[in-house]
Protein chains: 2
Amino acid sequence: MRAGRELFAEQGYDGASVRAITSRAEANLGAITYHFGSKQALYHEVLRSMVVPLRDRVAEVASRDAPPLDRLDAVVEAYFRHFAAHGDLPRFLMERIAAGQLPPPPVAVAMKSILGTLAGLVREGQRQRSVRDGDPVLLSLSLIAQPVYLTLVQTPLRDVLGLDLADTESFERLVDHARAFVRAGLTASPLPDTA
Amino acid sequence: MRAGRELFAEQGYDGASVRAITSRAEANLGAITYHFGSKQALYHEVLRSMVVPLRDRVAEVASRDAPPLDRLDAVVEAYFRHFAAHGDLPRFLMERIAAGQLPPPPVAVAMKSILGTLAGLVREGQRQRSVRDGDPVLLSLSLIAQPVYLTLVQTPLRDVLGLDLADTESFERLVDHARAFVRAGLTASPLPDTA
DNA sequence: GAACCATTCATACGTTCGTATTATTCGTGA
DNA sequence: TCACGAATAATACGAACGTATGAATGGTTC
């Protein structure tokens, strides 16, 4: 599983061959078929093992005792921290989609679950007028877009622009930036005075 | 080129075989090697043909005669409209990256150029205090994240949530949402009164 | 210590891949 | 009209792929 996670992240699903994975794991060529049934089954297993903790983490942050906006804020941060610890995850979330396929089942269910959680949080914020009006699902997607995209482009940015967002200092700036951006994007415009 | 664009979008770079492409083009298996030199060269050519118009479109919108915030707004819309007309593009922009590779040269070049344009626009807005303080490149990336991510997840959303963002009405709602979100994320907080 | 069973291992199979090779076709310009 | 060259076409090649097969291995249980 570890070798699979690494190689799927490095080379993508198609790029990571069964031979490469088993050889990195110092196992036999047949090991994947034997233990998981197929390459795809291993892939799904790897996905599950990465995506479930993210889902749990988001659910936990979302259920804290704090104003909805603060919790949404915390979700953004949680995403970044989780991605920092599992830098491969955003690639896993998007790879099949970017290759024109449906997301694999583990990703689809996690996506659905997280989106439900966030949309509920947004709705709560809207009820108490702290979050801007608008489709809760769209607002949630816009939130998610930030950590996913910004993490995803980190490597290309480093290689194309020489912009390194991975060292501790830059990373904190990145997180702060995204939190501020999302919070501003979500916050209900302060009402003129009345109301 | 058309067959390549279609199949690369549908199946990803690895998924689209030379045989499938040439057969859809009703051409011979050797056609790609003959006319482009290799599969990868065709891929780069296809990328260039999609990415250059986007770059030009952004540059055009960014050079309009309007307040920076309005132009940034217009860039978001331009992205969405361009993606609506070329729904494959976001996949092309992200596929190799999501597969753990560097972006192909045409994408890297366009990325660099667009990012330069937008960052300049952001800086201009910051100078006249209409755009929030912060790293112009990060702010630009946050802007780009919205059309790219939201377009990218459209298909999965339809299949997973039954949420269809492609019909005209939903699409306009989507664009309006993203514009509002980005504008709010970029706008400098109104100063208390003084200043 | 013998039987059993999960696992490891080496190897083979059939497919598909991208590209190279060689021949053929066909429109164009002298 | 003939020759040239660009384009198409059919086929071959070697490599890599995911998976299947059957034999070895080694620990556990009676």
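Letters go in sequence order (proteins before strands), and every chain restarts at 1.
Between the CZ atom of B:Phe36 and the P atom of D:dT8 there is a distance of 11 Å, given to the nearest Å. Atom-to-atom, NE2 of B:His35 to P of D:dA6 comes out at 12 Å; the value is rounded to the nearest Å. The CG atom of A:Asn28 sits 6 Å away from the C1' atom of C:dT8 (whole-angstrom rounding). Residue A:Leu42 contributes atom CG, which lies 16 Å from atom C1' of D:dC17 at whole-angstrom precision. Between the C1' atom of D:dA16 and the CD atom of A:Gln11 lies a distance of 14 Å, rounded to the nearest Å.
A:Arg81 pairs by the salt bridge (charged side-chain N to carboxylate O under 4.0 Å, His left out) definition with A:Glu77, A:Glu172, not counting sequence neighbours. Here A:Phe92 pairs with nothing under the ring-ring contact (aromatic ring centres under 6.0 Å, His included) rule; sequence neighbours left out.
The existence of a salt bridge linking A:Arg183 and A:Asp70 is confirmed by a sub-4.0 Å separation between a basic side-chain nitrogen and an acidic carboxylate oxygen. Using a cutoff of 4.0 Å between basic side-chain nitrogens and carboxylate oxygens, B:Arg24 and B:Glu10 are scored as salt-bridged.
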Quiz item: Run the salt bridge (charged side-chain N to carboxylate O under 4.0 Å, His left out) check on B:Glu45 and B:Arg5 step by step: do they pass?
Solution: CA-CA 10 Å; B:Glu45 216 50 57; B:Arg5 184 173 355 113; over 6 Å; no
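No cation-pi contact links B:Lys39 to B:Phe8, judged by a cut-off of 6.0 Å to the six-membered ring centre and 45° from its axis.
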Quiz item: Once each nucleotide of nucleotides 16-26 of chain C is scored for protein heavy atoms under 4.0 Å, what B/S/- sequence comes out, 5' to 3'?
Solution: -BBBS------
